[in-house]
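Written below as structure tokens is the structure these notes are about.
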Amino acid sequence: MLTLGDYNTLKIVKRVDFGLYLDGGDEGEVLIPKRYVTPQMQIGDEVQVFIYLDQDERIIATTETPLAKVGEFAWLEVAWTNQYGAFLKWGLMKDLFCPFREQKQRMEQGRHYIVYVKEDEESHRLMATAKVEKYLATIPPSSLPYRHGDTCQCLVWQKTDLGFKVIIDHKYQGQIYDNQIFQPLHSGDRLTAYVDHVRQDGKIDLTLQPTGRQHTLDFAEVLLRYLYENDGHCELSDKSPAELIADRFKVSKKAYKRAIGDLYRRRLITISDDGIHLV
């Protein structure tokens, strides 16, 4: 059975002047146009292709990779608009349609928006919606598949007074607070983050740095190398402003203090009024 808006592995059954036909099962033969055919593709081979509808609403296969498939979120640019809606660049020849009813505000050509890719229930056409909140999972905190320290992949969604909202693993809403941000962030950025806390409302607080003992050890080695490379001295102590620490080392003051404590306990540094020194 074909899955529209997703990757399918199909067998090549026929070669024609304008491409190859693939076995689409109950849907019949599916064309992969000649522009996507490589010399390595032979009858009987299985190929992985993305399935969508062409300009005439016929099922078509492509080896191109879209920026998102059905069920995923993406940061897409508007290629053009008309009286029905906006058409977004998503990495395929045919742009992805976002009708006016699925827009929060009128989309403008050249601007980017966070959207969710879905299959329209009535027409079965692939489309985008900017009403992303409707497609974020809302389940009890105890059912969320995350624990403190877990790694996840995030799409930066929007700036708030507290930091940035993010979309986690194409399913859940998360938050990265300003005091955990030590690098420039923008809507549309994709990044790896770490679970700090699962809240009672089901939302997830994240940090951009690993948590726990391993992170302390890792940064302690970074700090130790910095001391070796800077005449054995760093003027920043555990009492220095968090902004200076973040600017220098891209870590929180809490992580910096932990690393200092670790190096001190290992008798590798001394602490004085003018900073820290290698022993």
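Values below: every heavy atom of this structure, side chains too, minus hydrogens, waters and symmetry copies.
Judged by distance alone, the side chain of Asp45 and the main-chain N or O of Met41 form no donor-acceptor pair under 3.5 Å. Distance alone, capped at 3.5 Å, places no donor-acceptor pair between the Gln40 side chain and the Val37 backbone. A donor-acceptor contact shorter than 3.5 Å links the side chain of Asp189 to the backbone of His186. One N or O on the side chain of Lys131 and one on the backbone of Arg101 form a donor-acceptor pair closer than 3.5 Å. A donor-acceptor pair under 3.5 Å is formed between the side chain of Glu72 and the backbone N or O of Lys69. The backbone N or O of Thr3 lies less than 3.5 Å from a partner atom in the side chain of Asn8, making a donor-acceptor pair. Remark: the backbone N or O of Lys118 is not paired with any side-chain donor or acceptor of Asp120 at under 3.5 angstrom. A distance-only check finds a donor-acceptor pair linking the side chain of Lys253 to the backbone of Ser240 [under 3.5 Å].
Taking 4.0 Å as the cut-off between side-chain N and carboxylate O, Asp56 and Arg58 count as a salt-bridged pair. Taking 4.0 Å as the cut-off between side-chain N and carboxylate O, Glu133 and Lys104 count as a salt-bridged pair. No salt bridge links Arg258 with Asp262; every basic N to acidic carboxylate O contact stays at or beyond 4.0 Å. The existence of a salt bridge linking Glu221 and Arg266 is confirmed by a sub-4.0 Å separation between a basic side-chain nitrogen and an acidic carboxylate oxygen. Under the 4.0 Å criterion applied to side-chain N and carboxylate O atoms, Lys239 and Asp273 are not assigned as salt-bridge partners. Lys94 and Glu57 are joined by a salt bridge, as a carboxylate oxygen and a charged side-chain nitrogen come within less than 4.0 angstrom of each other. Contact check on Lys11 versus Glu46 returns no salt bridge, with no Lys/Arg side-chain nitrogen under 4.0 Å from an Asp/Glu carboxylate oxygen.
With contacts defined as side-chain heavy-atom distances shorter than 4.5 Å, the pair Asp95/Leu88 does not qualify. Using a 4.5 Å heavy-atom cutoff, the side chains of Leu244 and Leu236 are in contact. Contact of the Arg125 side chain with the Tyr52 side chain is not registered, since no non-hydrogen atoms from C-beta on lie closer than 4.5 Å. Residues Gln153 and Arg190 fail the side-chain proximity criterion, which asks for heavy atoms closer than 4.5 Å. With a 4.5 Å cut-off on side-chain heavy atoms, Val78 and Tyr113 count as touching.
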TODO: Show your working on side chain to side chain donor-acceptor pair (under 3.5 Å) between Arg248 and Tyr256 and close with a plain yes or no.
DONE: CA-CA 11 Å; Arg248 178 81 57 85; Tyr256 188 73; over 6 Å; no

Task: ring-ring contact (aromatic ring centres under 6.0 Å, His included) between Phe164 and Tyr177, intermediate numbers included - done: CA-CA 7 Å; Phe164 280 90; Tyr177 293 96; over 10 Å; no

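Put simply, the residue from Gln175, His197, Arg199 that forms a side chain to side chain donor-acceptor pair (under 3.5 Å) with Asp205 is Arg199.
Ser237 OG to Asp274 CG: the interatomic distance, rounded to the nearest 0.5 Å, is 9.5 Å. Atom CD of residue Gln42 and atom CD1 of residue Ile12 lie 7.5 Å apart, to the nearest 0.5 angstrom. Distance OG/Ser187 to NZ/Lys159: 10.0 Å, rounded to 0.5 Å. Taking CG from Leu206 and SG from Cys154, the interatomic distance works out to 5.0 Å, rounded to the nearest 0.5 Å.
For Asn82, the CG atom is densely surrounded, since the number of other residues' heavy atoms within 6.0 Å is greater than 12. Surrounding CD of Glu121 are at most 12 heavy atoms belonging to other residues, nucleotides or ligands under 6.0 Å away.
Ring geometry for Trp80 against Phe87 counts as parallel: the plane angle stays under 30°, on a 0 to 90° scale with 60° as the upper cut. By the 30° and 60° cut-offs, the orientation of the rings of Phe50 relative to Trp90 is perpendicular.
Aromatic ring centroids of Tyr135 and Phe73 lie 6.0 Å or more apart.
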